[in-house]
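By convention in this document, chain letters (A, B, ...) are assigned in the order of the sequence lines, proteins followed by strands, and residues within each chain are numbered from 1.
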There are 2 protein chains.
Amino acid sequence: MQVLQKEKRSHYLDTYPVAHLFSFDIEESIQVHEYDRGEWIIREGQPPDYLFYVIEGKAKIYITHQNGKVSLLNFINQADYIGEMELLHEAYYSKGIQTTTKTICFAIPFHNWRDKLLEDVKFLRHLSIQLSDKATLMAMKYSQSLAFPLENRLADFILQTADDDLYKEKHITVCDFLGVSYRHLLHVLAQFCDKGFLKKEGHAYRIINKSAIKALADMLRNG
Amino acid sequence: MQVLQKEKRSHYLDTYPVAHLFSFDIEESIQVHEYDRGEWIIREGQPPDYLFYVIEGKAKIYITHQNGKVSLLNFINQADYIGEMELLHEAYYSKGIQTTTKTICFAIPFHNWRDKLLEDVKFLRHLSIQLSDKATLMAMKYSQSLAFPLENRLADFILQTADDDLYKEKHITVCDFLGVSYRHLLHVLAQFCDKGFLKKEGHAYRIINKSAIKALADMLRNG
DNA sequence: GTTATAATATGAGATATCTCATAGTTTTTA
DNA sequence: TAAAAACTATGAGATATCTCATATTATAAC
């Protein structure tokens with residue numbers, strides 16, 4: 001990790017203005033952190049000293065269970081906060097956060113700014129909306145994971161991530177994300193091929209029968 | 001549902017002061033709603049017109065899936081908000097909320113107060129903390145449900161709900177809450193009895209070997 | 001470049017969990 | 001208080017998913 005200085009720092013501050021997120025002037029205190037691909041922004045169980053705001057790049061939120069299984073809780077993208085939980089709760093078990101690409105974050109030190117942030121309407125409103133989205137998303141994923149077999153959840157995931165009808169996610173990542181074994185994921189992908197929904201192209205899969213995949217994914221929707 | 005008036009209304013407003021939750025004076029506009037046991041505070045898919053704050057009673061949050069399965073997402077207790085999601089998002093698929101006991105809520109009409117609430121620091125800070133708890137809880141439940149078999153999750157639930165080492169929750173509720181079939185829940189309970197962890201007493205179960213149950217539940221903890 | 005590491009791939013057997021059918025019991029409702 | 005509805009209970013067979021073993025291929029590190 002590098003803390004960017006001078007021109008590099010100003011470049012990002014100018015390119016991604018954040019004045020609209022706060023009622024007070026915080027620019028002076030914002031650090032700009034750059035992480036390489038694969039670096040950990042937060043290590044599991046080690047609370048950070050900063051509130052981060054992602055301006056470029058992508059990351060993943062991981063939690064490791066006692067039985068050795070690893071869950072990929074969610075992806076983090078531009079305009080997401082990192083460390084909000086720790087900002088709000090002194091005692092919080094921090095999830096691990098690992099970048100998947102080079103990532104640039106604005107970093108606001110808790111030390112001087114926690115109290116100020118917790119008194120700022122603009123920030124809190126923005127945060128509330130993000131948190132409610134997060135809570136809703138997790139509730140949906142939770143109930144869907146219990147109510148539907150992998151078939152439906154995978155169909156949904158394929159549609160969400162396919163690029164030009166070509167699905168090419170790493171199986172290993174998908175296992176952690178959907179919470180199933182590698183073996184079973186391949187099994188269901190093979191079924192999709194057998195049924196003529198997908199066709200394997202090298203290590204990727206082409207969507208052949210989109211409406212069939214869509215029908216499976218639509219089962220997850222309610223209302 | 002009844003909207004309480006006059007003495008009854010003042011009684012609750014006096015008994016449960018909420019001035020500390022808001023920066024402005026809202027007491028005049030607060031309605032006091034009383035729901036009978038089993039009544040729906042929100043019907044699934046029908047967004048409410050009020051932000052509720054529960055002052056007495058208990059409720060359950062339900063969502064129904066297209067395949068007919070029902071998930072009991074969580075329990076609602078005193079000091080929880082209801083309708084916060086709808087306050088923050090104009091378009092939101094409302095979960096169903098049903099009381100399990102007679103329940104009293106303060107109800108603040110969105111109509112006049114939405115904008116004011118979204119500008120109030122005290123309210124937003126309090127809400128942020130509740131939402132972050134909710135998001136964290138759902139994330140934990142999600143990842144645990146994928147990483148552990150019912151055995152562990154049920155052990156945890158038994159310890160959380162047992163009263164004086166006697167577990168007596170309704171199976172049907174627990175199935176919806178833990179997301180398993182009735183048949184399987186009974187199967188695992190029977191296993192616990194076989195292993196000498198529990199002993200059946202009528203329709204309830206007495207915890208005989210607490211440390212064994214605790215060991216199973218502790219598997220869920222991380223860090 | 002070569003070696004180490006990570007990712008893909010497949011088979012076979014085990015286990016967790018579900019569905020359905022059926023019956024008795026308790027609670028609620030009329 | 002009788003009928004309806006909700007809840008408890010158990011068996012048997014089906015399916016979703018996991019574990020482990022092993023081989024191959026792609027990617028990263030030296």
Side-chain angles (χ1 to χ4, degrees), chain A residues 36-39 60 62 65 67-72 98 100-102 143-155 167-195 198-205 216 219, chain B residues 36-39 60 62 65 67-72 98-102 143-155 157 167-195 198-205 216 219:
Chain A
D36 283 336
R37 169 160 181 271
E39 255 191 293
K60 300 188 238 181
Y62 279 110
H65 299 281
N67 62 0
K69 292 200 185 178
V70 170
S71 296
L72 168 48
Q98 186 183 33
T100 31
T101 64
K102 188 180 114 174
S143 65
Q144 289 169 354
S145 74
L146 294 172
F148 296 95
L150 180 61
E151 183 173 55
N152 301 97
R153 295 180 293 128
L154 178 59
Y167 167 80
K168 50 187 169 188
E169 297 300 313
K170 278 203 195 311
H171 297 328
I172 288 208
T173 305
V174 180
C175 291
D176 291 343
F177 187 63
L178 298 180
V180 294
S181 67
Y182 189 93
R183 191 63 193 84
H184 189 53
L185 174 62
L186 289 220
H187 179 231
V188 174
L189 280 171
Q191 267 182 223
F192 282 178
C193 292
D194 283 351
K195 291 181 187 164
L198 301 179
K199 182 150 178 266
K200 210 166 166 181
E201 292 187 359
H203 283 178
Y205 295 78
L216 287 174
M219 288 297 298
Chain B
D36 283 337
R37 169 161 181 271
E39 257 191 290
K60 299 188 239 181
Y62 279 110
H65 299 280
N67 62 0
K69 290 200 186 178
V70 170
S71 295
L72 169 47
Q98 185 183 35
T99 64
T100 31
T101 64
K102 187 181 116 176
S143 65
Q144 289 169 354
S145 73
L146 294 172
F148 296 96
L150 179 61
E151 183 175 56
N152 300 96
R153 296 180 293 129
L154 178 58
F157 183 75
Y167 167 80
K168 49 186 170 188
E169 298 300 313
K170 279 204 195 311
H171 297 326
I172 287 209
T173 304
V174 179
C175 291
D176 291 343
F177 186 63
L178 298 181
V180 294
S181 67
Y182 189 94
R183 192 65 192 84
H184 189 52
L185 173 63
L186 288 219
H187 177 90
V188 174
L189 280 171
Q191 268 182 224
F192 282 177
C193 292
D194 283 351
K195 291 180 186 164
L198 301 179
K199 182 152 178 266
K200 208 165 168 184
E201 292 187 358
H203 284 177
Y205 294 78
L216 286 174
M219 288 296 298

**Message:** Taking atom NZ as the centre, does A/Lys195 end up with more than 12 heavy-atom neighbours from other residues, nucleotides or ligands that are less than 6.0 angstrom away?
**Reply:** yes

**Request:** Select one nucleotide: of D/dA9, C/dT19, D/dT17, the one nearest the side-chain heavy atoms of B/Arg183.
**Result:** C/dT19

**Request:** With the side chain of B/Tyr205 defined as its heavy atoms from C-beta on, choose the nearest nucleotide among D/dA9, C/dT17, D/dA26.
**Result:** D/dA9

Provide, to the nearest angstrom, the distance between the [atom1] atom belonging to [X] and the [atom2] atom belonging to [N].
X: A/Leu186; N: D/dC20; atom1: CG; atom2: P; result: 18 Å
X: B/His187; N: C/dT19; atom1: NE2; atom2: C1'; result: 15 Å
X: B/His203; N: C/dT25; atom1: NE2; atom2: P; result: 9 Å
X: B/Leu189; N: D/dA9; atom1: CG; atom2: P; result: 9 Å
X: A/Leu150; N: C/dC18; atom1: CG; atom2: P; result: 15 Å
X: A/His184; N: C/dG11; atom1: NE2; atom2: P; result: 16 Å
X: B/Leu146; N: C/dT17; atom1: CG; atom2: P; result: 11 Å
X: A/Asp194; N: C/dA9; atom1: CG; atom2: C1'; result: 15 Å

**Request:** Anything under 30° is parallel, anything over 60° is perpendicular, the rest tilted; go ahead and classify B/Tyr205 against B/Tyr167.
**Result:** tilted

**Complete:** Note: for A/Lys69 and A/Gln191 on DNA chain D, the residue whose nearest nucleotide lies more 5' is A/Gln191

**Request:** Measure the CZ-CD distance between A/Arg153 and A/Gln144 for me, rounded to the nearest 0.5 Å.
**Result:** 8.5 Å

**Message:** For B/Lys200 and B/Leu189: C-alpha separation, side-chain torsions, deciding distance, then whether side-chain contact (heavy atoms from CB on, under 4.5 Å) applies.
**Reply:** CA-CA 9 Å; B/Lys200 208 165 168 184; B/Leu189 280 171; over 6 Å; no

**Prompt:** What parts of residues 171-182 of chain A reach DNA chain C, counting only heavy atoms under 4.0 Å away?
**Reply:** A/His171, A/Ile172, A/Tyr182

**Full working for side-chain contact (heavy atoms from CB on, under 4.5 Å) between A/Val70 and A/His65** = CA-CA 6 Å; A/Val70 170; A/His65 299 281; over 6 Å; no

**Prompt:** Got a donor-acceptor contact below 3.5 angstrom from the A/Arg37 side chain to the A/Thr100 backbone?
**Reply:** yes

**Prompt:** Could you go step by step and tell me if A/Leu185 and A/Leu154 meet the side-chain contact (heavy atoms from CB on, under 4.5 Å) rule?
**Reply:** CA-CA 8 Å; A/Leu185 174 62; A/Leu154 178 59; 3.9 Å; yes

**Prompt:** So which one's nearest nucleotide on DNA chain C is more toward 5', B/Lys170 or B/Val188?
**Reply:** B/Val188

